[in-house]
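One structure is given below, encoded as structure tokens.
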Amino acid sequence: MGSGGLELPPGDEGHEGGSTDVPPGTVSLARPMEAGAIGPELDWDAEAWREVRTRAQRAGRAYIWLNLVEQRLRAVVAAVLRPVYEPVHGDDWVVAAAGPAGQEWVQRAVAVREVSRRKGYLLDPADDNVVSFLTLPQLRELMVQHWPCFEPYFDDRRDVELALDELEVTRNVVSRNRALSEAVLNQAERASARLLEMLGTGGDVPSARRLPVDAVEDLVGDRYADVVAVHSDRVRLLRQFPAEDIFDGARRIDAIGIGLNLLVQNFSGRRMVRLAESGCRVRLLFLNPASSAVKRRERELGVKRGELSRAVEMNILHMRRVRARLRDPGAFQIQVYDDTPRFTAYLVDGDGTDGIGVVQSYLRRLRGMEAPVLVLRGGHRVVKAGEVDEGGLFAAYREEFELAWADSRPVS
């Protein structure tokens with residue numbers, strides 16, 4: 001008889017005096033499972049591991065963006081409201097700024113701060129303030145309550161609020177370690193980048209106007225020299241970094257390759273004319289379609305004899321027509337080389353600190369459209385504070401281009 005007045009069930013069927021019938025008022029006890037029976041149910045197969053890694057990668061990217069936004073928003077709120085409330089209220093200026101409407105959440109933040117103090121969770125003295133314990137919705141509430149104070153620094157209050165609204169779903173998912181879809185992650189990254197720009201963090205990387213600095217690059221970019229993106233083929237490159245973004249507004253384009261299809265076939269001749277007329281200087285270096293190197297490349301790719309050379313000739317003719325429409329044809333140079341092609345490279349604004357490079361190596365059985373692509377950030381890459389920029393791949397490919405250009409000959 002148990003302490004609650006309930007009778008335990010009888011033993012196993014084979015036990016003397018045992019019965020299969022359970023008397024009324026008894027409690028059923030779970031029988032132990034056989035050894036090893038629970039093991040396979042706890043294992044993760046390959047598909048499960050792929051799923052959790054995908055979740056972790058998405059959550060990690062989202063967390064970095066949210067962290068950057070929250071830190072920046074704290075700094076902005078403190079910079080605007082502290083001078084207003086601190087002279088009267090001292091260290092309690094955040095409590096005063098929250099007012100009666102925010103009394104509940106600001107007191108909660110004060111309590112969490114005190115607990116963190118006692119338990120030693122405040123590892124950085126700079127975080128020993130109430131603002132560091134406010135969440136994004138609470139920081140937003142302070143901005144909304146005191147919008148006249150923030151209005152001189154922002155063009156449109158609604159833009160700020162919409163960006164914060166778009167981040168709220170991501171913030172809730174990440175804080176509870178739930179699955180984050182790719183669509184929501186992309187929305188959060190766009191909203192974060194837009195919000196950081198509105199909050200005055202355009203960055204000091206000159207090429208950010210053409211290729212925005214990614215949050216992950218900003219944190220770990222020093223590990224990968226000046227490589228800021230890797231794509232498995234050119235289709236995926238153009239999906240994320242269209243030709244318009246690569247070449248529009250350029251003041252200089254240096255390109256070397258076999259047929260330069262990325263430029264010739266994805267950036268219209270009309271646009272090339274407008275670009276050159278606006279002052280952009282262009283140097284295009286094609287593989288000589290009559291050279292033996294073209295024939296070797298045709299054999300590597302397994303295409304019909306003369307197919308590749310005709311394609312290169314057509315691209316050169318198209319660029320010649322573009323050049324013929326210019327008032328200053330000297331600013332649009334076309335040359336050919338006879339050496340074995342090793343890579344294709346498009347160096348945009350490579351003579352300054354805001355250069356961007358798109359580079360592909362030639363592989364034996366893969367056409368240019370199918371080969372892996374590296375995107376390089378020339379000039380000032382993103383490095384850690386105090387670190388010396390020792391250069392990267394961009395400078396190496398630029399030097400190779402200049403050597404090849406010096407050994408090439410012009411196309412009339």
Side-chain angles (χ1 to χ4, degrees), residues 62-172 174-175 188-205 208 213 215 218-219 382 384-386:
Y63 175 80
I64 291 172
W65 280 109
L66 291 168
N67 188 289
L68 290 173
V69 168
E70 189 169 294
Q71 289 193 60
R72 180 57 186 161
L73 200 56
R74 285 175 184 169
V76 170
V77 168
V80 173
L81 296 184
R82 178 182 279 121
V84 177
Y85 286 95
E86 191 176 47
V88 177
H89 301 279
D91 292 340
D92 294 330
W93 69 267
V94 179
V95 178
Q103 183 176 6
E104 180 181 347
W105 53 258
V106 78
Q107 291 300 336
R108 190 183 311 124
V110 170
V112 174
R113 175 196 182 192
E114 291 304 319
V115 171
S116 300
R117 274 178 167 178
R118 290 198 306 270
K119 294 190 174 183
Y121 296 160
L122 282 171
L123 305 181
D124 188 343
D127 291 332
D128 191 8
N129 56 77
V130 178
V131 176
S132 295
F133 290 88
L134 299 181
T135 63
L136 272 178
Q138 295 163 358
L139 292 167
R140 170 186 178 166
E141 188 63 28
L142 284 177
M143 290 185 68
V144 171
Q145 288 182 22
H146 302 84
W147 185 252
C149 299
F150 292 90
E151 192 171 17
Y153 307 100
F154 299 95
D155 295 331
D156 192 341
R157 168 181 169 176
R158 180 157 179 78
D159 287 343
V160 177
E161 293 198 70
L162 284 175
L164 288 169
D165 283 341
E166 292 178 12
L167 289 179
E168 192 57 28
V169 174
T170 306
R171 192 186 71 85
N172 276 282
V174 172
S175 64
E189 290 190 331
R190 289 192 298 268
S192 298
R194 192 167 70 250
L195 189 56
L196 287 170
E197 186 176 356
M198 286 188 284
L199 294 174
T201 55
D204 57 354
V205 180
V213 178
D218 205 359
L219 292 178
V382 180
K384 292 180 179 179

[Y] backbone acceptor or donor facing [X] side chain under 3.5 Å:
X: Ser116; Y: Val112; result: yes
X: His146; Y: Leu81; result: no
X: Arg72; Y: Leu199; result: yes

Between [atom1] of [X] and [atom2] of [Y], what distance do you get to the nearest 0.5 Å?
X: Arg157; Y: Leu162; atom1: CZ; atom2: CG; value: 11.5 Å
X: Asp128; Y: Phe133; atom1: CG; atom2: CZ; value: 7.0 Å
X: Ser192; Y: Leu167; atom1: OG; atom2: CG; value: 4.0 Å
X: Glu141; Y: Leu164; atom1: CD; atom2: CG; value: 11.5 Å
X: Leu136; Y: Glu70; atom1: CG; atom2: CD; value: 4.5 Å
X: Glu189; Y: Leu66; atom1: CD; atom2: CG; value: 10.0 Å

Determine the minimum heavy-atom distance between [X] and [Y], stating which atoms define it.
X: Leu123; Y: Gly120; value: CD2-O, 3.7 Å
X: Gln145; Y: Ala97; value: OE1-O, 3.4 Å
X: Phe154; Y: Phe150; value: CD1-O, 3.1 Å
X: Pro87; Y: Arg82; value: CD-O, 3.7 Å
X: Val130; Y: Ala109; value: CG1-CB, 4.1 Å
X: Trp93; Y: Val77; value: CH2-O, 4.5 Å

Hey, mind stepping through Arg108 and Gln138 against side-chain contact (heavy atoms from CB on, under 4.5 Å) and telling me if it holds?
CA-CA 11 Å; Arg108 190 183 311 124; Gln138 295 163 358; 4.0 Å; yes
How are the rings of Tyr85 and His89 set relative to one another: parallel (under 30°), tilted (30 to 60°) or perpendicular (over 60°)?
tilted
Side-chain contact test, heavy atoms from C-beta onward, threshold under 4.5 Å: evaluate it for Val76 versus Met198 and give yes or no.
no
Could you check if a side-chain atom of Arg117 sits within less than 4.5 angstrom of a side-chain atom of Glu114, using non-hydrogen atoms only?
yes
Decide if atom [atom1] of [X] counts as having more than 12 heavy atoms of other residues, nucleotides or ligands within a radius under 6.0 Å.
X: Tyr63; atom1: OH; result: no
X: Asn172; atom1: CG; result: yes
X: Asp156; atom1: CG; result: yes

May I ask you to say whether [X] pairs ionically with [Y], meaning some side-chain N is under 4.0 Å from a carboxylate O?
X: Arg158; Y: Glu161; answer: no
X: Asp127; Y: Arg74; answer: no
X: Glu197; Y: Arg194; answer: no

Assess whether side-chain contact (heavy atoms from CB on, under 4.5 Å) is satisfied between Met143 and Leu139, documenting all intermediate values.
CA-CA 6 Å; Met143 290 185 68; Leu139 292 167; 5.9 Å; no
Applying side-chain contact (heavy atoms from CB on, under 4.5 Å) to Arg171 and Glu168, what does each step give before you reach the verdict?
CA-CA 5 Å; Arg171 192 186 71 85; Glu168 192 57 28; 2.8 Å; yes
